[in-house]
Amino acid sequence: MPSYFKTIFCFVFGGLFISFAHGQKAGSKVWYFGLNAGIDFTQNPPLGITNGSLSTNEGCAAVTDLNGKLYFYTDGRTVYDKTHNTMSNGTGLNGDPSSTQSAVAVADPSNVNKYYVFTVDAFAGSKGLCYSIIDMSINGGLGAVTVKNTLLKTPVCEKITAVRKPFSAVVWIITRGWDNDSFHIYKLDSVGCNFYKSQSIGTLITGSSNNSVGYLKSNIQGTKIAYACYQGFAELFDFDPTTATFSNPIKLNNLGNAYGVEFSKNGTLLYVGSSTYKKVWQYNLAAGSPASIVASKIDAATIIGQAVYALQMGPDGIIYMAVPSNSYVSSIPNPEILGTGCGYIQKAIDLKGKLCAAGLPNALNSDNFSPYSDFKYQAICAGKAVNFKDTFDFVSDSIRWYFGLNGKNYLGSSVLHNPQFTFPKSGTYTVKLEAWLKRVKVDSVSKTVVVPDTIRDTINIKICDGDSIKIGNKYCKNTGDYFEWLTSYLGCDSVVLKRLSLWPKNSTTLNKTICAGSTYNFFGTDYSSPGTYTHILKNTNGCDSIITLKLLQYPKSEMEIFDTICSGILYPFYGQFLSNSGTYTKTFTSYTGCDSTVKLNLFKRNSFTYNISDTFCLKDTYIFNGIILTKPGIYSQKFVAQNGCDSVVKLNLQLKLCYPVVPCIIEIPNAITPDGNNINDVFKPVFSCNVVEYRLRIVNRWGEIIYSTDNMGEHWDGFIANKPIADGVYAYIIDVVAQQSLDLEKHHYEGTIVVLK
């Protein structure tokens, strides 16, 4: 901490972390801090106490059991026993009154009578991170320091926290390195405290030794860790408590002399205090992206006329704030509420004349709220709903009940805090309750329950499927055993077991098809539209049977053709040879059984006159039926076509400003072999020019269009309706519009393609 504070108070707080092993549960229900100040949380509301011997400006810790029975407390240099006297060999620890988290206590995972007291030096000093060991079985339960000042790492910042590994007695001891960007992590387990790993992540902490000042905290769930840096920022990390791995750093800037950090009990909100701005800010960790979390910053509290230092959650879930030189502590009474609704109370607890300094006992919150699952239930009787109720001594965000466990199978489950469950018959069952927090199972408890036999009579009942019958006070419609309660018997009501079974309802589905324009008779009713229709019948046992008709309708296929012939030419049309204009029809029966019609509109022409408008470029020539033209004008030629129709072609030739023309060359396959060998399997024309419009049609020998597309990216693979067509000759018609110069050119192609497999 900056040296100018030492002329007033040396305000850095320490921390306490309590662990439990072999069923031991500990906490920090009594605090000693500041200048002989204290708070007793076993009272409701908490009360200030004045019997403490500790007088310090910053780091401090106090250890109790969950009921508030005091074990010891310390400022990181001197340890006081429960009689408020100096513990045997309890002086000279390597903490410092100017160290933010001077003292941190963690229960020995292998011995319920021993505690590790971790200390950190001030201003990244040479004493670094050390541990001492207290044995509470010595001196008639007053305890003694048996191991003192074992060095783990130097130099380090004034920061230390502890996180419990899930479902394990292992505790991770974590500090922030000095003059580097690393976390140093130690593993405390049954074999002692040993180096585990260092991880480089986040911001380099270096420069002035004042920058080593500030809290390092974990949320109760062990999934988030944050620290404050006196240099003017805080940093937030995701943390995996199983592997002790940090990830996803988020830097929170513009905080002045940032000092205290604390999480809400549910771990979704972070609070950061600043002695410079005399404010406590709230960040919403569920806001989403890192930028959204940074932007969620709001003023949660402004400390009137005073600087704020330590932020510490009490065993009551309230966040308390150290405001030096005052005979009270302030608080945020509702720290789990997003926004200013979290509240601020300036004089939350009266210290009865004793003074607060910069530090508050920094308890291991996960132990103050350590999971302890239990549940209660009423007397259990077969067939009767029983109320269950969880009796947790902690907060979980979800629970899971399993009733009647047998190996991996169970009769029922629930996620309610007060569920009901009915055991269908007498016997011995296992009921299991699990507690979950942040999608992690944090505790569970199982109990064996015995259900006495209270069945006095059995009646067999049959009803039709879908009907219901009243048994007791409810209507039942499913196969199973149901109970009616009679008189009290051995603490449970006696019952009549009614075994309900169902006469089945016959259910039949008919799938039928009709052609468009026809009908289907279904139990005397003609249906002409596709749909689902039902009919109910009565069978011999009096139960209804249902017949369902699913009616599909195939459309009639109709194709209309327009064509012309010249005089003297015969037009073939399905076995007929036509020579005159007219309308002709032919009816076929398709594979669906429905009629299809081809309609031909035939027009007879004697001669044809074609008017052509064209252009040619300056200094070029134009060839018109073998005649070379060099001037614009109107020209005509008479032709005799092979079909006997005379044709007159009139050309309106105009001169134009020309641009290079891109030839449009098309490559059209004349055969495909769609046999699946990826060689010549598809029919797809290839163009050498830019095609802007495209249409492909495939026609069978009866003139039916069997395939059509306007998408050049598609191709014909020789299939119709996902079925391969028969081998044979088919016609293609291709129409395109191509960009060959500044103008668009239309092209028409016709021909045949052979399909072979």
Side-chain angles (χ1 to χ4, degrees), residues 1 5 8-16 27-62 64 68 70 73 75 97 100-103 214-215 217 228 259-265 271-275 277-282 300-336 342-363 365 368:
M1 172 172 270
F5 275 92
I8 305 174
F9 290 102
C10 188
F11 293 143
V12 183
F13 67 94
L16 164 67
S28 184
K29 296 295 180 71
V30 178
W31 288 2
Y32 290 102
F33 58 94
L35 306 183
N36 302 110
I39 299 175
D40 183 358
F41 285 95
T42 65
Q43 307 295 317
N44 188 17
L47 297 176
I49 53 177
T50 61
N51 60 351
S53 299
L54 185 146
S55 181
T56 186
N57 296 321
E58 304 194 35
C60 51
T64 71
L70 180 65
Y73 54 99
D75 60 0
T100 306
Q101 291 170 280
S102 175
Y215 259 90
K217 280 289 192 71
Y259 190 86
V261 294
E262 185 59 284
F263 293 89
S264 61
K265 187 188 295 185
Y271 294 85
V272 182
S274 170
S275 62
Y277 295 113
K278 303 177 182 180
K279 288 182 180 294
V280 176
W281 290 290
Q282 180 196 85
T302 298
I303 316 305
I304 301 174
Q306 300 288 332
V308 60
Y309 286 89
L311 302 180
Q312 175 58 44
M313 181 184 295
D316 54 3
I318 294 174
I319 294 179
Y320 293 93
M321 301 183 291
V323 184
S325 304
N326 288 284
S327 185
Y328 60 81
V329 293
S330 301
S331 74
I332 297 176
N334 303 299
E336 292 185 311
C342 62
Y344 163 61
I345 300 176
Q346 182 179 358
K347 297 181 179 181
I349 298 179
D350 181 9
L351 299 181
K352 298 183 178 179
K354 304 300 181 182
L355 295 180
C356 181
L360 294 173
N362 179 21
N365 294 336
N368 272 329

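- The main-chain N or O of K354 is found under 3.5 Å from a side-chain atom of S327 such that the two form a donor-acceptor pair.
- At a threshold of 4.5 Å between non-hydrogen side-chain atoms, the residues P315 and W31 count as touching.
- Within the 3.5 Å criterion, the main-chain N or O of I318 finds a donor-acceptor partner in the side chain of D316.
- Looking only at side-chain heavy atoms (C-beta outward), T64 and T42 stay at 4.5 Å or farther from each other.
- Under the 4.5 Å side-chain criterion, counting only non-hydrogen atoms from C-beta, C342 is not in contact with P335.
- Side chain of S55 to main chain of L35: no donor-acceptor pair is present (N/O by atom type, distance under 3.5 Å, no hydrogens or angles).
- F33 is listed as a side-chain neighbour of C356, based on a closest heavy-atom distance under 4.5 Å.
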Exercise for the section: Check the pair F263 / M313 against side-chain contact (heavy atoms from CB on, under 4.5 Å), numbers first and verdict last. Expected result: CA-CA 8 Å; F263 293 89; M313 181 184 295; 5.8 Å; no

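- For the side chain to side chain contact (heavy atoms under 4.5 Å, CB included) with I39, the lone residue among L351, I49, L47 that qualifies is L351.
- For the pair K352 (side chain) and G48 (backbone), a donor-acceptor distance under 3.5 Å is present.
- By the salt bridge (Lys or Arg N to Asp or Glu O under 4.0 Å) test, K279 is found to be paired with D299, residues two or more places apart in sequence or in another chain being considered.
- Residue P333 comes nearest to S331 through the heavy atom pair CD-O, 3.7 Å, listed as atom of the first residue, atom of the second, then distance.
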Exercise for the section: Test E262 against Q312 for side-chain contact (heavy atoms from CB on, under 4.5 Å), laying out the working first. Expected result: CA-CA 6 Å; E262 185 59 284; Q312 175 58 44; 3.8 Å; yes

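- Panel note: side chain S28, backbone A62; a donor-acceptor pair is recorded below 3.5 Å.
- A distance of 11.5 Å separates CD1 in I303 from OG in S275, rounded to the nearest 0.5 Å.
- A distance-only check finds a donor-acceptor pair linking the side chain of K217 to the backbone of L311 [under 3.5 Å].
- Using a 4.5 Å heavy-atom cutoff, the side chains of S325 and L355 are not in contact.
- Here the shortest heavy-atom pairing between A322 and A357 reads CB-O, 3.5 Å.
- The line from SG of C60 to OH of Y73 is 11.5 Å long, rounded to the nearest 0.5 Å.
- Note that CD1 of I332 is 5.5 Å distant from OH of Y271, once rounded to the nearest 0.5 Å.
- Distance check: K29 NZ to Q43 CD gives 12.0 Å after rounding to the nearest 0.5 Å.
- Under the 4.5 Å side-chain criterion, counting only non-hydrogen atoms from C-beta, S330 is not in contact with V308.
- Summarising the geometry of A228 relative to Y259, their closest heavy-atom pair is CB-O, 3.3 Å, with the distance given to 0.1 Å.
- Side-chain atoms of D75 and Y32 include no donor-acceptor pair closer than 3.5 Å.
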